[in-house]
> 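Take this structure, written in structure tokens, and hold onto it; I'll ask about it next.
As the structure lists them, so they are numbered: ligands from 1, and atoms in each ligand from 1.
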Amino acid sequence: MNNFATIITMQRGDMKFAYVQNDNVNYLELFDHFIEDEAHRQLLDPSDKPERFTYCINQNDTKYIFKIDGGVEHRLERQLIAKITGDFYFNLIYKLAKMSQDNCDIAYELYLVAYDQKTKRHYMIFNFIEGRSLTHDDMYTYREQIKHCIETLHRYDLVSNDIHGGNFILTPEGKIKVIDLTNSGFIWLTKANDAIELRDRFNIKIKVPLLAMAFKTFAHSFKRLSRKLRGKKD
Ligand SMILES: Nc1ncnc2c1ncn2[C@@H]1O[C@H](COP(=O)(O)OP(=O)(O)O)[C@@H](O)[C@H]1O
Ligand SMILES: [Mg+2]
């Protein structure tokens, strides 16, 4: 059983780890197994971002998602914010663990995070969620559940920051779960990105801090104007 109340942290050479304690599954061993055993990992999604890879692995009849994120933030202001707020994925494991402890199952579960200080790559192990991605039409059909999902995320101080059908899974029981949580910047501010996306693309309204909304609405309009002036498409 996963003991989400206990997150083990450790350093091994250049690698920093945080993982959920479990008497039956040692997530550190699972990580090592994945790294060594290239033959048994299945690349799920080549991704539009060259530095990200998502694999599915099957270990003792349990499927896991193994994700590698080699993205390095080059923008100075984002690097500064990351210094203030701490590593996003290491924060994520604690926030999702809190959610799991509360039996709040609107997102994936995160079992392990690793960071290679040399290559600057992050590695994550998630639970595999049976089901399928949402289509654009599904986003309208399941709008109430999507609204609930994002509002709940925000309550746990998490954001999607990339709202589209590919980042939601419809389970065989008809539940919607959100995956692929990212962030760069202050979370209270990024919540407004979710609100704007939901409002403009799917006509879903959620409440977020007024100041964040005003700031992001201004930033979005400014970006659009700047692109127009440079002759780029929206
Ligand atoms: N926990 C999960 N359970 C089941 N499928 C998943 C899970 N995580 C990712 N996937 C599948 O892999 C795809 C890519 O994963 P995602 O985290 O969205 O990566 P990317 O950053 O490349 O968008 C998803 O669209 C989904 O089909
Ligand atoms: Mg995605």
> Under a 4.0 Å heavy-atom limit, does T182 contact ligand 1 with its side chain, its backbone, both, or neither?
neither
> Would you mind telling me which of L134, I204, I176 makes a side chain to side chain contact (heavy atoms under 4.5 Å, CB included) with M139?
L134
> Give the minimum heavy-atom separation between D23 and Q21, together with the two atoms involved.
OD1-NE2, 2.8 Å
> Indicate the ring-plane relationship of Y64 and Y27, choosing parallel, tilted or perpendicular according to the 30° and 60° boundaries.
perpendicular
> Run the numbers for me: atoms of ligand 1, each under 4.0 Å from some heavy atom of R52, listed by number.
20 (P), 21 (O)
> With the Mg ion (ligand 2) as the point of reference, which N/O/S atom of D180 is the closest?
OD2
> Distance alone, cut at 3.5 Å: any donor-acceptor contact between the side chains of Y89 and D69?
yes
> Taking only heavy atoms of N167, which atoms of ligand 1 are found under 4.0 Å from at least one of them?
18 (O)
> For ligand 1, is any non-hydrogen atom under 4.0 Å from N127's backbone (N, CA, C, O), its side chain (CB onward), both, or neither?
backbone
> I need the contact type for I65 against ligand 1. Using non-hydrogen atoms and a strict under-4.0 Å cut-off, is it side chain, backbone, both or neither?
side chain
> Does the ring centre of F31 sit less than 6.0 Å away from the ring centre of Y123?
yes
> Using every non-hydrogen atom in the two residues, find where F66 and I125 come nearest and quote the distance to one decimal.
CD1-CG1, 3.7 Å
> Go through ligand 1 atom by atom and flag the ones less than 4.0 Å from a non-hydrogen atom of L44.
11 (C), 12 (O)
> Does ligand 1 have a heavy atom under 4.0 Å from the side chain of K67, from its backbone, from both, or from neither?
side chain
> Where the closest heavy atom to atom 9 (C) of ligand 1 is concerned, which of I169, I179, L43 has it?
I179
> Mind checking whether F218 and F222 have parallel, tilted or perpendicular rings, split at 30° and 60°?
parallel
> Could you check I7 against F90 for side chain to side chain contact (heavy atoms under 4.5 Å, CB included), going step by step and ending with a plain yes or no?
CA-CA 10 Å; I7 307 284; F90 279 81; over 6 Å; no
> Report, in ascending order of atom number, the atoms of ligand 1 lying under 4.0 Å from any heavy atom of F128.
3 (N), 4 (C)
> Could you tell me whether the Mg ion (ligand 2) has an N, O or S atom of T54 under 2.8 Å away?
no
> Under a 4.0 angstrom heavy-atom cut-off, which atoms of ligand 1 come close to I129?
2 (C), 3 (N), 4 (C)
